[in-house]
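Since the structure comes first, as structure tokens, the remarks are kept for the end.
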Amino acid sequence: MGLLFPSIFPQEFKTENGTVHLYFEATAVILTLVLFGQYLEARAHKKTNGAIKELLKLAPSEAVKVSENGEEIVIPIDDIKVGDLLRIKPGDKIPVDGMVKEGNSSVDESMITGEAMPVDKNIGDMVSCGTVNGNRSFVMEAQKVGADTLLSQIIRMVNEAASSKAPIQKITDKVSRYFVPIIVGVSFITFILWAIFGPEPKLVYAFVNAIAVLIIACPCALGLATPVSVMVGMGKGAKNGILIKDAKALETMNKVSVLVVDKTGTLTMGKPSVEYIYGLKDNKEEEILQKIASLNQYSEHPLAEAVMNYALEKKTGVLEAKDFEAKAGKGVTGKVNGNEIRFGNDKLMVDLNANISNDLQETVGLEQSLGKTVSYVSEDGIVIGYVVISDSVKDSSEIAVRKMEEKGIRTFMLTGDNFNTAKAVADRLGIKEFKAECLPEDKLNIIKELQAKGEIVAMAGDGINDSPALAQADVGIAMGNGTDVAIESSDITLLKGNLEGILKAKKLSFETMKNIKQNLFFAFVYNTLGVPLAAGALFPFFGILLSPMIAAVAMSFSSVSVISNSLRLRKIKLS
């Protein structure tokens with residue numbers, strides 16, 4: 001305007017020769033500073049979604065397919081179909097989710113679970129896309145490919161969560177809605193005051209200071225304060241095996257006062273395992289184990305699976321068994337080495353007229369009162385020992401419950417199991433509040449009652465029966481080894497499947513919220529201090545004015561400082 005239409009400007013803007021001052025160099029500097037600030041901002045912002053990019057790099061681009069005639073062919077990962085057999089060589093990244101069909105190895109799952117210790121994989125075990133094979137080769141069957149793999153689901157959940165808004169963002173949005181009109185008003189008032197009370201040339205001072213106010217008050221930092229922290233926090237959680245579906249769950253987790261937990265599969269392993277075998281008289285544990293393992297190799301009952309797993313763990317070989325028969329609700333019978341072997345409850349022993357002494361009944365009754373299952377073993381009609389089977393408590397549960405109590409979080413256990421079993425687990429873990437024999441609606445109603453008392457409730461579970469309670473809780477937490485329904489009903493999924501992940505999620509929530517508040521502080525402080533300076537508040541006292549160029553630097557620096565502060569979340573320790 002000054003170059004093309006100089007006549008429209010007041011005399012104050014003109015030189016002695018009647019020309020208008022042209023600030024091309026100032027314009028160039030301001031634009032350069034603004035663009036440089038945006039470049040720094042974009043560069044810093046690029047780092048915030050680094051976790052997602054790292055996750056994308058986990059999946060290999062090719063895989064080795066084993067054809068029907070045994071030939072091995074290298075194919076693109078997109079060509080893998082469900083049911084294909086894939087050869088996983090030492091050091092290879094696993095291309096899709098599936099099951100080990102041949103061979104065994106150890107797999108580094110740290111990129112998904114956050115745990116550094118490699119996990120042994122044998123025939124029948126599941127492996128996940130993106131994890132890294134150890135030093136042995138094995139063949140796997142593809143079961144989930146493309147968007148159905150665990151890695152793809154993680155990436156999708158992180159992306160969706162990063163774009164969601166935390167409740168605290170509503171405060172920022174509300175402030176921003178009024179912020180722009182207020183700043184425009186302040187700029188206008190600055191112009192009027194300088195035009196009336198300022199020194200000559202008044203209009204020049206008024207115009208420059210009004211523009212400085214508009215430049216320094218650009219609300220970029222205010223808009224970035226929450227979403228950037230949320231994005232970095234989500235990525236940090238994903239790299240540590242904590243998948244958070246939305247920003248609301250991330251914020252609410254920091255306020256949780258009561259943790260409601262399901263027992264089976266959450267506090268315990270979720271499947272029966274042999275605790276120990278006791279042999280009467282001269283009968284040794286190893287001999288009894290071989291006899292009942294030989295018998296149970298033909299059974300599909302969960303207790304039989306527990307016995308077989310225990311035999312595998314003890315490296316106990318099995319013998320041929322004949323005349324195998326399963327007695328519904330009682331146990332199994334058969335012949336091993338020509339001897340009649342019976343494995344089952346007291347009803348089976350009564351049917352066979354096997355004598356159970358009063359002392360033995362008392363000992364077994366004590367174990368049963370602790371919620372354990374006890375099966376007798378008899379040989380040729382004589383009881384030779386018993387096997388104690390229980391759903392063992394996860395090693396991490398006791399530590400996690402204690403730490404949560406120290407942080408002021410009450411733990412409330414709900415289970416559909418019987419009272420004795422529930423009490424035994426509660427006593428073992430130091431849980432003071434529990435309820436047994438709960439139906440799904442009972443769990444739901446208990447959570448509603450706690451919420452009615454003002455408690456912020458997190459619910460951790462893994463089964464279909466937990467899904468109503470997970471959906472009702474303020475924060476639903478699903479174990480990664482649980483059912484799909486439970487995972488879909490939850491707000492947070494713990495891939496490792498133990499309660500220590502809840503402590504990590506709470507720490508992540510606390511650190512993220514603290515980071516957001518720091519960002520908001522930076523954004524507001526810049527504007528609180530910068531706007532009066534740009535308006536000329538120091539001029540009457542010190543003769544200092546803030547150049548629009550300096551205002552551009554301050555505006556850019558405010559956004560960069562907010563993003564840089566958010567990036568600190570990547571370095572926090574959750575354990």
Side-chain angles (χ1 to χ4, degrees), residues 1 10 23 26-27 29-31 33-38 40-42 44-45 165-199 201-230 247 251 513-566:
M1 293 291 288
Y23 295 95
T27 303
V29 169
I30 290 174
L31 290 175
L33 289 171
V34 170
L35 290 174
F36 182 65
Q38 290 179 347
L40 292 177
E41 181 179 321
H45 199 282
K165 288 187 176 182
I168 197 172
Q169 178 71 29
K170 295 179 181 178
I171 300 174
T172 307
D173 292 344
K174 190 173 183 179
V175 170
S176 299
R177 188 161 59 242
Y178 296 108
F179 182 80
V180 174
I182 289 173
I183 290 301
V184 172
V186 170
S187 177
F188 181 73
I189 293 171
T190 300
F191 183 87
I192 297 297
L193 291 175
W194 277 95
I196 296 174
F197 303 106
K202 294 182 179 182
L203 289 179
V204 174
Y205 278 114
F207 188 71
V208 169
N209 289 326
I211 290 207
V213 169
L214 292 176
I215 292 175
I216 201 169
C218 179
C220 297
L222 198 60
L224 292 170
T226 300
V228 176
S229 289
V230 168
E251 179 175 341
M513 294 311 300
K514 183 173 74 172
N515 193 269
I516 289 174
K517 291 172 183 176
Q518 290 169 347
N519 288 345
L520 291 173
F521 173 78
F522 287 140
F524 281 119
V525 163
Y526 273 113
N527 287 309
T528 301
L529 297 178
V531 170
L533 289 177
L538 295 181
F539 185 79
F541 308 100
F542 306 104
I544 297 175
L545 288 176
L546 194 64
S547 164
M549 290 185 287
I550 302 301
V553 173
M555 181 271 292
S556 300
F557 185 69
S558 66
S559 297
V560 173
S561 64
V562 163
I563 294 177
S564 299
N565 184 58
S566 298

What side-chain donor-acceptor pairs closer than 3.5 Å can you find for residues 189-196, not counting sequence neighbours?
| residue | atom | partner | partner atom | Å |
| --- | --- | --- | --- | --- |
| Thr190 | OG1 | Val186 | O | 2.8 |
| Trp194 | NE1 | Ala535 | O | 2.8 |

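Side-chain atoms of Asn519 do not come within 3.5 Å of backbone N or O of Ile563 as any donor-acceptor pair. In this structure a side-chain-to-backbone donor-acceptor pair under 3.5 Å is missing from Ser229 to Ser566.
Residues Val562 and Val228 have side chains not in contact (no heavy-atom distance under 4.5 Å, counting atoms from C-beta outward).
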